[in-house]
Protein chains: 4
Amino acid sequence: MTRAGGTRAALLDAALAVFDERTYGDTPVAVVAERAGVSVGTLYRYFPSKEALGNAVYRLWKQRLGERLAAERSAGASYASTFAAMFRTFVGFAAEHPAAFAFLELQQHESYLDVDSRTASTSIDETAVQFVTEGQKAGEIRSGDPHMLVALVYGALVGLIKARRGGLRLTDDDLAAAQAATWALLDIRSQAE
Amino acid sequence: MTRAGGTRAALLDAALAVFDERTYGDTPVAVVAERAGVSVGTLYRYFPSKEALGNAVYRLWKQRLGERLAAERSAGASYASTFAAMFRTFVGFAAEHPAAFAFLELQQHESYLDVDSRTASTSIDETAVQFVTEGQKAGEIRSGDPHMLVALVYGALVGLIKARRGGLRLTDDDLAAAQAATWALLDIRSQAE
Amino acid sequence: MTRAGGTRAALLDAALAVFDERTYGDTPVAVVAERAGVSVGTLYRYFPSKEALGNAVYRLWKQRLGERLAAERSAGASYASTFAAMFRTFVGFAAEHPAAFAFLELQQHESYLDVDSRTASTSIDETAVQFVTEGQKAGEIRSGDPHMLVALVYGALVGLIKARRGGLRLTDDDLAAAQAATWALLDIRSQAE
Amino acid sequence: MTRAGGTRAALLDAALAVFDERTYGDTPVAVVAERAGVSVGTLYRYFPSKEALGNAVYRLWKQRLGERLAAERSAGASYASTFAAMFRTFVGFAAEHPAAFAFLELQQHESYLDVDSRTASTSIDETAVQFVTEGQKAGEIRSGDPHMLVALVYGALVGLIKARRGGLRLTDDDLAAAQAATWALLDIRSQAE
DNA sequence: CATGAATGAGTCTTCATTCAT
DNA sequence: CATGAATGAAGACTCATTCAT
């Protein structure tokens, strides 16, 4: 499991894998070390504590997800098509990195996350809020508290991936339908009475 | 903290409270017992294990939520108005029993839930799936895998409550907007292109 | 399981049964009470502690065994025939009261036996030692420390019953052979070189 | 108490000592660890459970005893003299390792012994049974179920050592007498009527 | 007198963290 | 730098004993 990036990367990889299999709270550090092919002592050379390791894993993947999402905000595109791209990115990320997605969104981290990690988490939110706010100004996204709308959309997305993880089979057509439905959460045209 | 219902009820109350504050996994049984005003030994007279206690709490509230949701399926009402009632029930439940809601929907239970508890959980889902399926047949709800649509809606609702719990302030108008947006996830009229 | 003798007897019966099934140390008093058909509280009305109960059971059966053994010392009989009678009594007792025998001889009691119980135990020994001493004087039993000879014989008998309990099948012929062999431990005629 | 053999050996030594003083069932693992001069956590590095530790101690000494007994079966020797050697070995083992002997033969192990330990125990029996069977064929040992005869002899031996442990003083002459008496259990010449 | 709920000290076991080699 | 043995505090669970009803 030792990646090119060296011991630290191997530890982050191993931690993600086992945290996904068992949960952060239920995973002894010895298991992480063993999976990474190093000793516990070595793990503690790279991370001062289990919490630090958990935070590092969390931050690493939250940032990766955030960057991929942010990259979709191409200038000039319509909000609907930008949303479509973001949706696909999100679903694609979950498909490519199921362990990372499950760890990030399906587990609880409150008990150990530090400020930096929370910030990483918030910044995704901010990107999304900004997108919604601008879309509202442009008259393409329905009115309403942007934070609230983001919460609804993000929640729907997480619900979708969670269901998929729980065994729900989704074809490309299903995903297209899911994207359309989720966009309806924001679409100004769905607001009409 | 001893409720009128007796020791068992006091334990269920205490367990819900501390599981919400700290998480099931991070809560020693001694803390539950203390909160209920009894000794550890007494807790074990009423529940054979910590897992059994966790399951009892989970089932109790999942059933209460399920019953309230199911009660909204009044005959003759339009799907839109039934959905509105369910939305209000869900949000109301979360407001009245924030600890219960957080415990049920914001925590992980995979590691200890038994079959009965999972069944209680599934039955809510089934109610919702049935609602969607019938709505589709009636031409009021958009097409698409009902399980997927339910996952989206349930996810959105959870996201909403989670945000509220995270500090987001929501007025009645906000909630009305949230309801409208969430209904758009299902509304056949949002499907038109 | 309630015997005619009343609650106390029922408790002694129940205790013997469960102590045999599980061991004194591994049996909660609640199990004894339940088996006797009474509550724990009641058990404590009849016996001040678990130890007292254990001692009472031990003493009761040690005495019964002792009395039956002592009864075989009929005057005028030869030592060989008296031994034969004792052997049969011992084996018969073990067959009739397997639980009692196993409890008495196959379990450890050191940790809780009180003086009275130890006395009851010793008196069987004394009877046997007296038998051996007299037999030696009469020239029918081999020379040697009587306590030692008794230890050998008693040990052999316990070994026999233990083996039987462990699954060894013994016919009447086998038992006759066992009796002959055991008597050889004492028989003056086996001493000849 | 840390022996040269390392921590594991120290734990086995300590366990034997305290199991003898108090009984396996009445000894907390903390006491074993303390006696061995290590912490509880360390004990669990070497033995996965208290049961595993108990089995390890049992097996270790049962094997040592078995090996010493088996070593006495020198070819060509008469059955009487082989028996004499085994008798001395047995008594010698009990004198040299009183704690081990008491633990092995004077305690109950049924509740926790695993298959391997039971096997170790059985193999001593098998050696003895084989000795008796061959002696019968050679016309030197009395007839009768070999398992039964072994049970009698082994029981007598255990009774002897138990009595010694209980305070009985035995001179070399006494032991010689005990050996003679015990051999009479098997001696063909004691069978004659 | 009987009941059985309540108590809490005591047991086994786990695991984050340290540190001698 | 890496190793992994050692630590000990903490957690789940049991059970002899008490006492209010």
Side-chain angles (χ1 to χ4, degrees), chain A residues 6-7 11 24-34 36-54 112, chain B residues 2 6-8 10-11 25-34 36-54 112, chain C residues 6-7 11 24-34 36-54 112, chain D residues 2 6-8 10-11 25-34 36-54 112:
Chain A
T7 306
L11 281 164
Y24 169 84
D26 285 345
T27 308
V29 293
V31 171
V32 178
E34 190 184 24
V38 300
S39 66
V40 230
T42 299
L43 184 155
Y44 275 87
R45 285 204 77 73
Y46 288 88
F47 301 95
S49 68
K50 187 187 177 186
E51 288 205 356
L53 173 60
Y112 67 89
Chain B
T2 308
T7 306
R8 193 189 143 90
L11 281 165
D26 286 344
T27 308
V29 292
V31 171
V32 178
E34 192 183 22
V38 300
S39 65
V40 216
T42 297
L43 185 154
Y44 278 90
R45 275 198 75 74
Y46 291 88
F47 302 94
S49 66
K50 187 187 175 186
E51 283 202 12
L53 174 59
Y112 67 90
Chain C
T7 305
L11 281 165
Y24 168 85
D26 286 345
T27 308
V29 293
V31 171
V32 178
E34 190 185 23
V38 302
S39 67
V40 230
T42 298
L43 184 154
Y44 275 87
R45 285 204 78 72
Y46 289 88
F47 301 95
S49 68
K50 187 187 177 186
E51 288 206 356
L53 173 60
Y112 67 89
Chain D
T2 309
T7 307
R8 194 189 144 89
L11 282 165
D26 285 343
T27 308
V29 292
V31 171
V32 179
E34 191 182 22
V38 300
S39 67
V40 217
T42 296
L43 185 155
Y44 277 90
R45 275 196 76 73
Y46 291 88
F47 301 96
S49 67
K50 187 187 177 186
E51 284 202 11
L53 173 60
Y112 68 90

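A note on names: the letters A, B, ... follow the listed sequences, proteins ahead of strands, and every chain is numbered from 1.
Along DNA chain F, the nucleotide closest to Leu43(D) and the one closest to Ala30(C) are compared, and the more 5′ of them pairs with Leu43(D). Taking the nucleotide of DNA chain E with the nearest heavy atom to each of Val29(A) and Val29(D), the more 5' of the two is matched to Val29(D). When each of Lys50(A) and Pro28(D) is assigned the nucleotide of DNA chain E with its nearest heavy atom, Pro28(D) is the one assigned upstream, toward the 5' end.
Note: CG (Asp26(D)) to P (dC12(E)) measures 10 Å, nearest angstrom. For Glu51(A) and dT17(E), the CD to P distance is 8 Å, given to the nearest whole Å. As a whole-Å value, the separation of Arg8(B) CZ from dA6(E) C1' is 17 Å. Taking atom CZ of Phe47(B) as the reference point, atom P of dC13(F) lies 13 Å away to the nearest angstrom. The distance from atom CD of Glu34(D) to atom C1' of dG10(E) is 15 Å, rounded to the nearest whole Å. Whole-Å rounding puts the Leu53(C) CG to dT17(F) C1' distance at 14 Å.
Between Leu43(C) and Val29(C), the closest heavy-atom pair is CD1-O, 3.8 Å. Residue Ala33(D) comes nearest to Leu11(D) through the heavy atom pair CA-CD2, 4.5 Å, listed as atom of the first residue, atom of the second, then distance.
Looking at Val38(D) and Thr7(D), their side chains come closer than 4.5 Å, going by heavy atoms from C-beta outward.
In this structure, Arg45(C) reaches the dA2(E) phosphate: one of its side-chain N or O atoms is under 4.0 Å from OP1 or OP2. At dT3(E), one or more side-chain N or O atoms of Thr42(C) fall inside 4.0 Å of OP1 or OP2 (strictly under the cut-off). Thr7(D) has a side-chain polar atom (N or O) that falls below the 4.0 Å cut-off from OP1 or OP2 of dA6(F). OP1 or OP2 of dG4(F) has not a single side-chain nitrogen or oxygen of Ser39(A) nearer than 4.0 Å.
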For nucleotides 19-21 of chain F, print each protein N/O atom paired with a nucleotide N/O atom at under 3.5 Å, atom names and distance only.
none

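Across all strands, Tyr46(C) comes closer than 4.0 Å only to sugar-phosphate atoms, never to a base (heavy-atom distances).
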_Dot-bracket for DNA chain F, please. Rules: Watson-Crick or G-U, both distances under 3.5 Å, ( ) within the strand, [ ] when a pair crosses earlier ones, | for another strand, . otherwise._
.||||||||||||||||||||

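With sequence neighbours excluded, the residues that form a side chain to side chain donor-acceptor pair (under 3.5 Å) with Ser39(C) are Thr42(C). In this structure, the side-chain contact (heavy atoms from CB on, under 4.5 Å) partners of Tyr24(A), at least two apart in sequence or on a different chain, are Phe19(A), Lys50(A), Glu51(A), Phe103(A), Gln107(A), Tyr112(A). Evaluation of the side-chain contact (heavy atoms from CB on, under 4.5 Å) rule for Val31(D) yields Val18(D), Arg22(D), Thr27(D), Pro28(D) as partners, not counting sequence neighbours.
Side chain of Val40(C), nearest nucleotide from dT17(F), dC12(E), dT3(F): dT17(F).
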